[in-house]
Amino acid sequence: MYEKKNKIISALLIFIFVCIYYYQNDLLYIPDLGLKNQTKFIQYECTKPSEICGGWGDRLKGILSTYAISMILDRKFTIKMTRNCDLKKIMEPNEINWDYEQVPQKIGSKEINIGWDRSYYDTFKKDISLFTKKKNTPLIKVKAKIQFANVLRENQNLKPKIESLGYKVDQFHIVYSLHKWYNQLFKLNKESQKKYEWYMGRLKPNKKTKLICVQIRTGDPDLAERRDYYTRKEYWRFINKKFLNSKNSGSYKIFVTSDYERVKEEAQSYFPNNEVIYNKNSSFHIEKQGDNDCGGFESVVFDFHIMQNCDIGVISHSGYGLLALLNRPEPFKELYVYSKEHKHLKITYNNDTSYFSPWKNLTWIKYSKLGDILFF
Ligand SMILES: Nc1nc2c(ncn2[C@@H]2O[C@H](COP(=O)(O)OP(=O)(O)O)[C@@H](O)[C@H]2O)c(=O)[nH]1
Ligand SMILES: *[C@@H]1O[C@H](CO)[C@@H](O)[C@H](O)[C@H]1NC(C)=O
Ligand SMILES: *[C@@H]1O[C@H](CO)[C@@H](O)[C@H](O)[C@H]1NC(C)=O
Ligand SMILES: *[C@@H]1O[C@H](CO)[C@@H](O)[C@H](O)[C@H]1NC(C)=O
Ligand SMILES: *[C@@H]1O[C@H](CO)[C@@H](O)[C@H](O)[C@H]1NC(C)=O
Ligand SMILES: [Mg+2]
C-alpha cells in the first residue's frame, strides 16, 4: 500500500521536475545576473541525417523567412545547415554573420517546426505569439520549407516595427526583398567566386549582351515519369520565336540549368548560332542524393547564384527556378514561366493540390506581378 503511494509520489515529482526543466524559460523569472541581457538567437536548422529539408528552393524559403522574422524579433540570425554537407563550406556570411558556431553550446533552446504546414500563413497574419511567447528562450530553432514570413506584412500589429526597420510594409516580402536579403546573407567562397567571375566574363562579355536564362525542372530522380510532362522542345521553340527571330539575335547568350543533365546538351545542339553556356554536372538533387563531399550542393548553389544576372528568364514552375530569377535587382523583368492557367480556378494556399494534379495543358505565362504565378 505504502509502496504504491511512494511510487506515485516519486513519479509525480519526476514529472514536475521534467516540466520545470523544459519550461523554465517561460515559467521562472530569472533575475538579471547579466543572463537576461545575453544575446538571443533564432536559427534556421537542417541538421539531422533523417531530416527532410527539401531542395535549395525549399531551404531558401525557410532561411529567408527565418531571417525576416529575426528582424521583427530583434534576434541574432544564424543558420545551421549541416545535413550531408555544411553550408559553410559553400557560402560565406556576407554582411550578416550567420555562422552557427557563435551560438554558445549550452544554451536554453526551443524548436518551432513549421515544415510544410501552410496553416501558419493564416496564423501569422494575425498573431506571432508562437515566437514572441518564447521571449526568454535564448535560442529559437526553426525548421521550415515554406515562405511563412510573407504574411507578416498583413499583420497590423507589426506595421510600426516593419517601418522602423526601414521597409515599406508591402516590401517586407521575399519577392521584393529577396535580392537584398540574399546578398546581405551570402557570398560565394573564394574558390567559387573565381569560377563565377570566369563565367560572368563569358555570359556578359559586354553591355550589349542579353543573357537568357533557361531553367528546366524535369522532376525528382525518383519521379522520372514527370519528365514527360515537360516538353523541352517547347522551351527551345519559345526562345526561338520570342527572342532569336530578330536582327540582333546575335547579342543573346543562353545560360541553361536543369535537374536533368541531358537538357543542357540538347540546348547546345538546338542553338548552333548562339553561345550556350552551362555548368557541367550540376544536375543534382541536394535532398535526394547524398553529398558528403559538397560537390553537388556547390554546383546547385552556383547555378542559382549566376541567375541573379539574367536579363530574361525562361523557366519551369519550380521553387528553385522561381527564386533564382526573382533574385534579381528587378525580380519581374522579362520573366516567363511554363505553367498552367489558374486565374479562373481561384486557387489559394489551402487548396492548390487540385491545381498541380494533373500537371498538364501548360502554357507560357509572363510573371510580371505577384499572383500571376502560384507561388506559396
Ligand atoms: N542545378 C540545378 N539543379 C536543379 C534545377 N532544378 C532543380 N534542381 C535540383 O532539384 C532540387 C529541387 O528542389 P527545390 O529547390 O526545392 O525546388 P522545387 O522542388 O522545384 O520547388 C534543387 O534544390 C536542385 O538540387 C536546375 O535547374 N538546376
Ligand atoms: C544590456 O545590453 C545593452 C546592449 O548591449 C547595454 O547597452 C546595456 O547596458 C546592458 N544592460 C545590462 C544591465 O547589462
Ligand atoms: C558529378 O558530381 C557528382 C556529385 O558531386 C560527383 O560525385 C561526380 O564525381 C561528378 N562527376 C564528374 C564526371 O565530375
Ligand atoms: C479554393 O478556395 C477558394 C477560397 O475558399 C475557393 O474560392 C476556390 O473555389 C477553391 N478552389 C478549388 C479549386 O477548390
Ligand atoms: C488548356 O489551357 C487553355 C489556356 O491556357 C484553356 O483555354 C483550355 O481550356 C485548357 N484546356 C483544358 C482541357 O483544360
Ligand atoms: Mg522542393
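Start at 1 and go down the list; that is how both ligands and their atoms are numbered. Index from 1, following the sequence.
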Query - Nearest protein heavy atom with distance in Å, relative to atom 7 (O) of ligand 3 - result: D293 OD2, 4.6 Å
Query raised in the report: Within 45° of the six-membered ring axis of F302 and under 6.0 Å from that ring's centre, is NZ or CZ of K195 located there?
Result: yes
Report task. Classify the side-chain pair S119/D122 by whether it contains a donor and acceptor separated by less than 3.5 Å. Result -> no
Requested in this report: Return yes or no for this condition: an N or O of G295 is under 3.5 Å from an N or O of ligand 3.
Outcome: no
Report task. Measure the OG-CG distance between S282 and D259 for me, rounded to the nearest 0.5 Å. Result -> 9.5 Å
Query raised in the report: Hey, which atoms in ligand 4 end up nearer than 4.0 Å to a heavy atom of L345?
Result: 11 (N), 13 (C)
Query raised in the report: Tell me, which protein residue and heavy-atom name are nearest atom 8 (C) of ligand 4, and how many Å apart are they?
Result: K346 O, 3.2 Å
Query raised in the report: If you draw the axis of the six-membered ring of Y167, does the NZ or CZ of K180 fall within 45° of it and under 6.0 Å from the ring centre?
Result: yes
Query raised in the report: Is there a salt bridge (Lys or Arg N to Asp or Glu O under 4.0 Å) between R118 and D352 once you walk through the steps?
Result: CA-CA 11 Å; R118 298 215 193 119; D352 65 341; 3.2 Å; yes
Query - Sub-4.0 Å protein heavy atom near atom 5 (O) of ligand 4 - result: no
Query - Sub-4.0 Å atoms of ligand 5 with respect to non-hydrogen atoms of T363 - result: 5 (O)
Requested in this report: Take atom CD of E191 as the centre, draw a 6.0 Å sphere, and report whether it contains more than 12 heavy atoms from other residues, nucleotides or ligands.
Outcome: no
Query raised in the report: Is the cationic atom of R202 (NZ for Lys, CZ for Arg) positioned less than 6.0 Å from the six-membered ring centroid of Y278 and within 45 degrees of its normal?
Result: no
Query raised in the report: What part of I347 sits under 4.0 Å from ligand 4 if we count only heavy atoms: the side chain, the backbone, both or neither?
Result: side chain
Query raised in the report: Applying a 4.0 Å heavy-atom criterion (strictly less than), which segment of N351 is in contact with ligand 4: side chain, backbone, both, or neither?
Result: side chain
Report task. Please indicate whether any nitrogen or oxygen in N281 is less than 3.5 Å from any nitrogen or oxygen in ligand 3. Result -> yes
Query raised in the report: When only distance counts, is N361 in polar contact with ligand 5, meaning an N/O pair under 3.5 Å?
Result: yes
Report task. Identify, by atom number and element, the atoms of ligand 4 in contact range of S354, meaning under 4.0 Å from any of its heavy atoms. Result -> 13 (C)
Query raised in the report: Less than 4.0 Å between atom 11 (N) of ligand 5 and some protein heavy atom, yes or no?
Result: yes
Query raised in the report: Taking the six-membered ring for Trp, are W181 and F172 parallel (under 30°), tilted (30 to 60°) or perpendicular (over 60°)?
Result: perpendicular
